[in-house]
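Comments concern the structure below.
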Amino acid sequence: MSEENKLTMQDLNANQIRWCEGCGNFSIINSVKKLIIEDNLDPAHVANVSGIGCSSRAPHYINTYGINSIHGRAIPIATGLRLNRPDLDIIVHSGDGDAASIGGNHLLHGINKNINIVFIMYDNGLYSLTKSQTSPTTPRGHKTNTTPLGALIEPLNMIRFALGVGGSFVASTADWIPGHLLETLKKARAHKGFSFVHVWQRCPHFFPDFVEHSRLDAVSFLTSEKGISVPERYQGQTTVVQHDPKDVVAAFKYASEEPIYLGLFYQDESKLQYDELVAAQTASAKPGNLNEILDSYRI
Amino acid sequence: MKTQTSLVRFEILMDAGDGAQKAGDILVKALARNGRYVVSEPIIPSEISPPRRTKFSMSGVIIRIADFDISGIGNDSDVILASHEILLSRRLEDMEYHTPCKILLDMEHEAKNAQSYAQVIEEVKAKGLEVIPFYIDEQTKELMSSISRDAGRGTGNNMYYLGILTYIFQIDMDIVLAVIEKTFGKITADRMAQNITIFKSGYELAKTKIGFTVEVEARAKQGEDKILIDGNTAMALGVIDAGFKFFAGYPITPASSIMHNLAKNLPSFGGRIHQAEDEIAAIGAAIGGYYGGVPSITATSGPGLSLKQEFIGLAVATETPLVVIDVQRGGPATGLPTRTEQSDLLAALFGTHGDSVRVILSVTDVADCFYAPHVARYLTEKLRVPVMIMSDGFESSSQTVIPKLTPYSMNSVEDINDEVLARFGLARLPEYIEMVNENQSVPGTPEKMRRLTGLVTNKEGLISTSTVTQKRAHKIRNQKIHTLQNALLEPKIFGEKEGDFLIVSWGTTRGAIEEAVIKLKAEGVSVSSLQLKIVYPFPAMLKEIFSKFKNIVTVERAYGDEKKSSPITMLLRNETLVDVKAIIAEATGRPVTPNEVKAKILELKTKGGI
Ligand SMILES: Cc1ncc(C[n+]2csc(CCOP(=O)(O)OP(=O)(O)O)c2C)c(N)n1
Ligand code: SF4
Ligand SMILES: [Mg+2]
């Protein structure tokens, strides 16, 4: 594209955004828009697919193709779309309830099948659209409308989950560090296969203190040459670890440590992609003739 | 003793894995080549390899032969051949036999189970049925056991039984031999010769020791230019011919074999197959496929239909085309997985929350299975409303001999063949049909980007919570169904257009009902029938048609009683305000039979109508 008709952020604006002021989701979709611009994508060849939740409204606010579908089921739609449309960029937007609770089974199989999509998990530690209920990632003891005495169990660790079910690209980032978020999305898009991008997302309305974001040393970073760089602001201010994204054992270790680690935990570029395998099988099938098939049923 | 008849039904019962169905296939093909009309239905055990000589291992095949065109499996068997007494006793529990019925019982196991045999034979005689015990000679037995030792399975008895039945039903021996050769094409010449020896010994036994024959005149075209095909196979091939390029499914009986067939064949036509993690994911993927502009379809049964409901609602709201095949089985819950029922109609039509519009297509025979996907694709792409194709457990596996189907490789919906539309009682739809969300396009189309949503939207596809928008959306969705209703042709009535009784039904009950109508008319009863293929919406002229009959009665393999209308009865009453009554509203797991229908009509007639 030449300079004058280069896509702008304005071009990618769609419907009037209806999130609360200060919501971390703004930053996440801004990064998605920047990804589209900086990676020179044709918006008509981008499909944003989501389930239901505050976060799942994202497709409405980005001027590409998209479906805001039903709760927890974005991955099935994205899978069907990917199997039939290898030409599209498919980005799935899913909340912690959407991804880890009602859609947990699809997430497991999407990751395991390594379907080529960018999956963004908006983790705000609870159900927000339905007005504060416990989700699988709610910290133990946090009070919500369904757990007025505090959430009963320890939260699900989504990084360990994604690693455990064979994720080929597992990263974590935070909405309040947009540079890191954008770089993560770019690496995720460049990765062929299921890119699991966990985003710590602020919900000032229902859970402002879900993750500590005001202090620089409240987050630590994993980095490496192939990984995601550490934003300048954080350099020298917090823990930074050189981590080889091929080292799954270390990835599990960092996923289990406090303070939370951001960065690329794991990447396996050699993992086979289900969508490609299906396409290859179809491509290599001998052309069929229905008349001949019907003849084989002759008496 | 020779019996000449126009219709006869028999069955072979063997332990699972012993090849009853193979023998059945050979018989059916030979009978058809020999100019008889034939329908067959397998008897399939619920478990994979149940223990032998138990009730659970009952496997077999029911075959119905006629000198006129039939599509149903009929009532009761006239001849039953059982490989041992336990299967026989189990099968008699189903009460699908005529009295009298000739029962050929293999006595091979008698020596070791004398008491059990004696008991069952007593039972059978008490029922007024005739038992004809037979013994396979030692030499043949030795040959059979050597074959089964080598092959590591089966008993070889099936070839012997084939011989017996070939004689009894007077099938041309050369034709049977030709079919055997074609079926076992890959075995060695020696093995083939052994099989034929066994077959011929069975034939000799029947001729010399059993002695009776049942002959059905060969009135159908002789020769090999016909196909023997079951409903699910025809449906899968229809899916291919209708131009679907994506199938997503999750295994479930009795829908699975559609997926098996497509897994084998669809890639050869440039299509893709996806075995999803569950039925929800399968239908979601089908919606994703159609959203991407690729004709997509899913198939399921029973519990799978329940799981798919929320996504069907999404397709309704987003106006994404979608076709769902529902091969109905006994419900609720796991119900009767391997048996047939028609209880899903209301779930298929109304099963999601909110006002949900759908088109319900049903198949009435195996050829319909092949053409239903074409019509479904046409309707879903034109109306952007989900289309449900209703088949059932019986149709899925029942095999019928039919003239070879003619594929016509539908590329776009405009290619639809008018005859195929007419087969389902339909004319072409208007060019323009108003949508809730106008001007949708497929991802990749420049300048037309739009986000679909399950939320209520206006014409531009934008979310709106205003009452006006919601009212408009409901109205337009329902108008699409009314548009379809306007394109429905006057339904074909089987029989006179007026009279005492009109039997209304849908789906695979057609064969049984039409046979009953023929028999009843021969006895002077004024009765006609009307089989709905597009079950919803109903043709607008239904009320007018009903007004010409004194009694409108329904037949359905679904539950109903004095207080609860069966599903089709409920819908028809609501649509026409006519006092429609169910004469058969029972879900038994087995198909409706002509005698059942006939008996009910006669009962009504003696009571002086309703
Ligand atoms: C089948 C179904 N069950 C429940 C709901 C209600 N519901 C809507 S959003 C939501 C939870 C959303 O939480 P999350 O996925 O974390 O997204 P967030 O709103 O926090 O971004 C629930 C339970 C629904 N829409 N559909
Ligand atoms: S409730 Fe929370 S997640 Fe939802 S828009 Fe408001 S701040 Fe964002
Ligand atoms: Mg949430």
Side-chain angles (χ1 to χ4, degrees), chain A residues 14-15 18 42-49 52 57 59-85 87-88 105-106 108-110 112-113 274 278-279 281-291 293-299, chain B residues 28-29 32-33 179 224-229 233 237 240-241 245-246 248 265 267-274 276-278 280-289 291-294 296 310-311 313-314 318 401 404-405 407 409 443-455 462-463:
Chain A
N15 304 14
R18 300 163 202 184
D42 166 14
H45 279 86
V46 175
N48 286 293
V49 182
I52 297 289
R57 291 292 178 99
H60 289 282
Y61 307 143
I62 311 169
N63 193 16
T64 64
Y65 280 91
I67 306 194
N68 165 208
S69 73
I70 56 176
H71 195 24
R73 319 289 176 201
I75 290 176
I77 294 195
T79 301
L81 190 57
R82 167 55 75 224
L83 286 169
N84 290 287
R85 293 295 302 270
D87 58 320
L88 302 176
N105 191 35
H106 306 309
L108 151 55
H109 293 285
N112 182 50
K113 289 194 166 110
Y274 174 76
V278 171
Q281 216 165 52
T282 296
S284 65
K286 227 171 66 219
N289 177 320
L290 211 50
N291 253 315
I293 295 178
L294 284 163
D295 278 339
S296 71
Y297 293 92
R298 268 180 202 265
I299 56 175
Chain B
V28 169
K29 288 181 180 168
R33 282 195 193 187
V179 178
E224 298 158 41
D225 196 34
K226 279 170 279 183
I227 56 171
L228 171 66
I229 194 164
T233 303
L237 300 180
I240 294 174
D241 194 47
K245 296 287 185 238
F246 182 53
N265 289 318
S268 295
F269 296 83
R272 285 159 202 209
I273 280 284
H274 171 49
E277 56 271 28
D278 56 34
I280 302 177
I283 189 171
I287 292 174
Y291 176 60
V294 173
S296 303
E310 192 188 3
F311 255 134
L314 182 75
T318 56
V401 177
K404 198 185 137 189
L405 296 157
S409 314
T445 321
E447 311 295 330
K448 292 237 176 141
M449 277 99 69
R450 186 175 279 209
R451 275 65 55 193
L452 298 186
T453 172
L455 289 152
L462 298 176
I463 302 172

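Below, chains carry the letters A, B, ... as their sequence lines are ordered, and counting in each starts from 1.
Both the backbone and the side chain of Lys448(B) come within contact range of chain A, with heavy atoms under 4.5 Å apart. Heavy atoms closer than 4.5 Å to chain A are found nowhere in Ala286(B), neither backbone nor side chain. Contacts between Leu88(A) and chain B at a heavy-atom distance below 4.5 Å involve the side chain alone, from C-beta outward. Using a 4.5 Å cut-off between heavy atoms, Ser409(B) does not touch chain A at all. In this structure, chain A has a heavy atom under 4.5 Å from the backbone of Arg450(B), while its side chain stays farther away. For chain A, the nearby parts of Asp241(B) are the backbone and the side chain; heavy atoms of each come within less than 4.5 Å. Both the backbone and the side chain of His60(A) come within contact range of chain B, each with at least one heavy atom under 4.5 Å from a heavy atom of that chain. Contacts between Val179(B) and chain A at a heavy-atom distance below 4.5 Å are absent for every atom of the residue. For chain B, the nearby parts of Ala279(A) are the backbone and the side chain; heavy atoms of each come within less than 4.5 Å.
Note: Gly271(B) leads Gly454(B), Ala276(B), Gly271(B) in heavy-atom pairs under 4.5 Å with chain A. Looking only at heavy-atom pairs under 4.5 Å with chain B, the residue among Val278(A), Ile70(A), Leu81(A), Leu108(A) that has the most is Ile70(A). With chain A as partner, the option from Leu237(B), Ile287(B), Leu462(B) having the largest number of non-hydrogen pairs under 4.5 angstrom is Leu237(B). In terms of heavy-atom pairs under 4.5 Å with chain B, the best-connected choice from Ala47(A), Gly80(A), Ala14(A), Pro59(A) is Gly80(A). With respect to chain B, the highest number of heavy-atom pairs below 4.5 Å among Asn291(A), Val46(A), Asp295(A), Asn105(A) belongs to Asn291(A). With chain B as partner, the option from Thr64(A), Asn48(A), Ile62(A) having the largest number of non-hydrogen pairs under 4.5 angstrom is Thr64(A). Ranked by heavy-atom pairs shorter than 4.5 Å toward chain A, the options Gly270(B), Ala282(B), Ala281(B) are led by Ala281(B). Most heavy-atom pairs under 4.5 Å with chain B: of the set His45(A), His71(A), Arg73(A), Arg82(A), this distinction falls to Arg73(A). Chosen from Asp87(A), Asn112(A), Asn289(A), the residue pairing most often with chain B at heavy-atom distances under 4.5 Å is Asn289(A).
Counting heavy atoms from C-beta outward, Ile299(A) and Ile227(B) have side chains that stay 4.5 Å or more apart. The side-chain heavy atoms of Thr453(B) and Ile67(A), taken from C-beta on, include no pair separated by under 4.5 Å. Within the 4.5 Å cutoff, side-chain heavy atoms of Phe246(B) are placed close to those of Asn84(A). The shortest distance between side-chain heavy atoms of Leu314(B) and Ile77(A) falls below 4.5 Å. Residues Thr282(A) and Phe269(B) form no side-chain contact, since every pair of their non-hydrogen atoms from C-beta on lies 4.5 Å or further apart. Contact annotation: the side chain of Tyr65(A) approaches that of Thr445(B) to within less than 4.5 Å [non-hydrogen atoms, C-beta and beyond].
Annotation: the span from Ile229(B) atom CD1 to Leu294(A) atom CG amounts to 6.0 Å, rounded to 0.5 Å. Distance check, rounded to the nearest 0.5 Å: CG of Leu83(A) to NE2 of His274(B) gives 6.0 Å. Between the NE2 atom of His106(A) and the CG atom of Asp278(B) there is a distance of 5.0 Å, given to the nearest 0.5 Å. Put simply, CZ on Arg18(A) and CD1 on Ile463(B) are 5.0 Å apart, with the number rounded to the nearest 0.5 Å. Atoms CZ and NZ, on Arg298(A) and Lys404(B) in that order, are 5.5 Å from each other to the nearest 0.5 Å.
Between the side chains of Asn63(A) and Arg451(B), at least one donor-acceptor pair of N or O atoms lies under 3.5 Å.
Listed here is the closest heavy atom pair of Ala44(A) and Pro446(B): CB-CA, 3.9 Å. Contact record, Tyr274(A) with Ile273(B): OH-O, 4.1 Å, taken as the closest heavy-atom pair.
In terms of modelled atom types and a separation under 3.5 Å, the side chain of Ser268(B) and the main chain of Lys286(A) share a donor-acceptor contact.
With sequence neighbours left out, the salt bridge (charged side-chain N to carboxylate O under 4.0 Å, His left out) criterion links Glu277(B) to Lys113(A).
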Go through the steps to decide whether Ile240(B) and Leu290(A) satisfy the test side chain to side chain contact (heavy atoms under 4.5 Å, CB included), and finish with yes or no. CA-CA 8 Å; Ile240(B) 294 174; Leu290(A) 211 50; 4.1 Å; yes

